[in-house]
Amino acid sequence: MNKRSGFTVMARLVGLVKPLTGYMLLAIAMGLAGHLCASFITILGGWALLEILRPGWALPLAALFVLAGVFAAARGLLRYAEQACNHFIAFKLLALIRHKVFRALRRLCPAKLEGRDRGDLIAVITSDIELLEVFYAHTISPAAIAALFSAILCLFIGSYHPLLGLLALAAYLTVGLVIPLAVARLGGQDGARLRAGAGELSAFVLDSLRGLPEILQYGRGEDRLAAMNRRTDALSDTEKRMKTTLGLNQGTVNTVILLFDLAMLLAASVLFRQGAVGFDGVLIPTLALMSSFGPCVALANLGSTLQSTFAAGNRVLDILEETPVVEEIRGQAPVAFEGAAAHHVTFGYQGETILRDVSLSIPKGQVVGIVGKSGSGKSTLLKLLMRFWKVGEGSVAISGTSLEQVNTADLRAMESYVTQDTHLFQDTIRGNLRIAKLDATDAEIEEACKKASVHDFILTLPKGYDTPVGELGDTLSGGERQRLGLARAFLHGADLMLLDEPTSNLDSLNEAVILRSLRKEKQHRTVVLVSHRRSTLRIADQVYAVEGGRMS
């Protein structure tokens with residue numbers, strides 16, 4: 001995770017408000033007016049006292065009471081309107097941020113997400129983004145309101161005497177700026193630790209749920225529970241420290257406010273004895289200061305909670321600002337599929353070379369087999385053909401055009417990629433198949449399933465093609481999921497089918513049906529079939545062997 005200062009995170013998050021600037025200005029205006037109404041209710045009380053002591057000193061009592069009633073009603077309405085605007089902005093921006101995050105994940109996938117903890121990603125998309133609501137609804141406009149409100153009150157109090165205005169300024173700066181910064185510094189990295197720990201716990205729980213059968217089988221439940229308790233205890237300790245800091249913050253704020261109130265009363269009294277101000281110069285500035293700390297207290301209370309907010313914002317910005325390994329290509333001339341090839345390709349992950357000087361030709365209308373042991377680089381080669389990764393040395397081409405000059409959308413339309421582990425969504429079988437072709441007819445779906453030797457099995461299910469498959473397809477066996485993955489590829493109808501161990505989980509009968517279908521498919525499309533078993537490749541027109549990253 002990149003380390004950014006709180007001010008940097010805040011500046012980046014504020015920049016996202018630009019589309020809703022008008023609403024933000026409206027919220028600030030209404031919040032400022034509301035706080036002025038609240039503060040001047042107390043000031044009107046002071047003027048009423050002066051009117052009682054010396055009639056004619058201020059406005060008539062009736063007028064003062066009417067104004068107090070108007071300000072009280074206006075305060076309620078303005079407060080509601082301010083909060084409505086702030087939450088409208090917050091929830092609109094959260095939706096916008098989620099959209100940006102999903103676009104960023106799509107841009108980063110799959111290269112930058114391989115090996116990334118899924119549970120931690122879920123925590124970022126859900127709880128971390130949700131926590132930003134505190135920033136957008138309760139931080140930006142309150143900070144602006146506090147600054148404007150404090151400036152107005154300083155001028156008002158300073159109109160009685162400049163020294164009193166400066167004292168008010170010192171009070172507002174201490175409560176609204178100095179104390180929150182000191183509390184944030186005191187809290188250190190607790191906020192970042194809390195968000196990172198929450199993400200790790202989410203990942204641990206998700207991993208435990210997925211591996212529950214294995215945990216039960218090998219009797220590791222107690223160990224897993226103990227590990228989970230250690231993580232939750234660590235989170236509880238961090239949260240306890242943050243709450244202690246919050247309590248210290250609130251106690252300090254209340255003490256400082258009381259001291260400044262007393263200081264204002266003392267300073268005004270000294271000036272009164274010196275004849276620099278009248279009795280109103282003692283009463284009104286003191287009442288004004290006592291009733292005006294609301295906006296600054298709101299900022300002071302954010303000192304500790306903003307740690308978690310900025311930590312969450314930092315995690316979200318890590319995704320938004322991550323540079324993809326492979327950029328999406330647009331604006332190139334369309335390319336029709338006329339075969340594919342790799343020329344002297346050398347590629348590796350994180351300094352480890354996987355493929356060395358690999359070349360192969362994939363003619364149109366043929367079945368090309370690639371055989372090799374596990375870890376020899378077969379799957380990596382398919383990923384390079386899909387342009388999931390960039391080639392280190394050499395080139396990969398479609399129809400004689402380098403993949404770097406082929407539109408990404410066109411490439412995805414030309415290719416179908418089936419991995420060993422087929423992912424199924426929590427949907428019906430029909431819904432999962434239609435991912436490959438949204439407008440597919442029922443007849444097309446059934447034909448694809450027949451080619452994948454899964455149609456008869458689907459008909460035995462209670463609801464046929466409308467049977468739910470459960471989360472991650474956990475109601476189906478590995479072989480059944482694999483055949484549904486092949487059915488997707490057949491339904492997609494791409495010119496080039498890239499199949500990575502497509503029959504590894506199948507019995508010999510189903511494998512024979514699928515291989516026969518693939519043999520027929522070469523009349524319409526090209527197939528690259530990867531397997532570690534040579535028997536699977538008996539339908540191939542040409543077979544390449546990969547060993548130690550080299551091809552023969």
Side-chain angles (χ1 to χ4, degrees), residues 25 28-61 63-64 67-68 70-71 74-75 78 141-183 249 252-303:
L25 293 176
I28 292 171
M30 290 187 294
L32 176 60
H35 280 292
L36 287 174
C37 286
S39 186
F40 269 87
I41 290 173
T42 305
I43 294 171
L44 287 172
W47 282 342
L49 180 60
L50 291 173
E51 179 63 21
I52 292 172
L53 294 175
R54 294 183 183 180
W57 184 288
L59 294 172
L61 285 176
L64 291 172
L67 282 175
V70 171
F71 285 176
R75 167 60 173 160
L78 290 168
S141 67
I145 290 168
L148 295 172
F149 178 83
S150 298
I152 293 172
L153 264 292
C154 285
L155 293 174
F156 176 75
I157 294 172
S159 67
Y160 287 89
H161 196 282
L163 289 178
L164 300 180
L166 291 175
L167 181 59
L169 177 62
Y172 297 140
L173 289 175
T174 302
V175 174
L177 189 62
V178 175
I179 292 177
L181 291 177
V183 169
N249 171 68
T252 303
V253 167
N254 291 333
T255 302
V256 168
I257 288 175
L258 178 60
L259 291 175
F260 271 110
D261 287 340
L262 293 173
M264 178 62 75
L265 178 60
L266 178 61
S269 299
V270 171
L271 292 172
F272 175 74
R273 294 191 64 178
Q274 294 175 351
V277 297
F279 179 67
D280 61 325
V282 178
L283 180 63
I284 301 303
T286 302
L287 290 176
L289 185 68
M290 292 174 65
S291 65
S292 62
F293 280 107
C296 291
V297 169
L299 290 186
N301 290 337
L302 290 172

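Sequential numbering from 1 along the given sequence is applied to the chain's residues.
Across every non-hydrogen atom of Arg75 and Cys37, the tightest pair is CB-CB, 4.2 Å. Contact detail for Gly34 and Leu78: the closest heavy-atom pair is N-CD1, 3.6 Å. Taking every heavy atom of both residues into account, Tyr160 and Gly281 meet most closely at CD2-CA, 3.7 Å. The two residues Ser150 and Ala146 make their nearest non-hydrogen contact at OG-O, 2.7 Å. Shown here for Leu44 and Ala68, the closest heavy-atom pair between the two residues is CD1-N, 3.6 Å. Minimum interatomic distance between Leu167 and Ala267 (heavy atoms only, all atoms of both residues): CD2-CB, 4.1 Å.
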Q. Can you check side chain to side chain contact (heavy atoms under 4.5 Å, CB included) on Leu53 and Phe279, steps first, answer last?
A. CA-CA 11 Å; Leu53 294 175; Phe279 179 67; 4.0 Å; yes
Q: Before giving the answer on side chain to side chain contact (heavy atoms under 4.5 Å, CB included), spell out for Ile284 and Ile157 the whole-Å C-alpha distance, their side-chain angles and the decisive distance to 0.1 Å.
A: CA-CA 8 Å; Ile284 301 303; Ile157 294 172; over 6 Å; no
Q. Passes side chain to side chain contact (heavy atoms under 4.5 Å, CB included), Phe293 versus Val253? Steps please.
A. CA-CA 10 Å; Phe293 280 107; Val253 167; over 6 Å; no
Q: Could you walk me through whether Leu164 and Phe156 pass side chain to side chain contact (heavy atoms under 4.5 Å, CB included), step by step?
A: CA-CA 10 Å; Leu164 300 180; Phe156 176 75; over 6 Å; no
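In this structure, the side chain of Ser39 does not engage the main chain of His35 through any donor-acceptor pair within 3.5 Å. Between the side chain of Ser291 and the backbone N or O of Ala288 there is at least one donor-acceptor pair closer than 3.5 Å.
With values rounded to the nearest 0.5 angstrom, Leu266 atom CG is found 12.5 Å from Asp261 atom CG.
Residues Asp280 and Phe272 fail the side-chain proximity criterion, which asks for heavy atoms closer than 4.5 Å. Between Tyr172 and Pro295, every side-chain heavy-atom pair lies at or beyond the 4.5 Å cut-off. Side chains of Leu32 and Ile152 form a contact here, defined as non-hydrogen atoms less than 4.5 Å apart.
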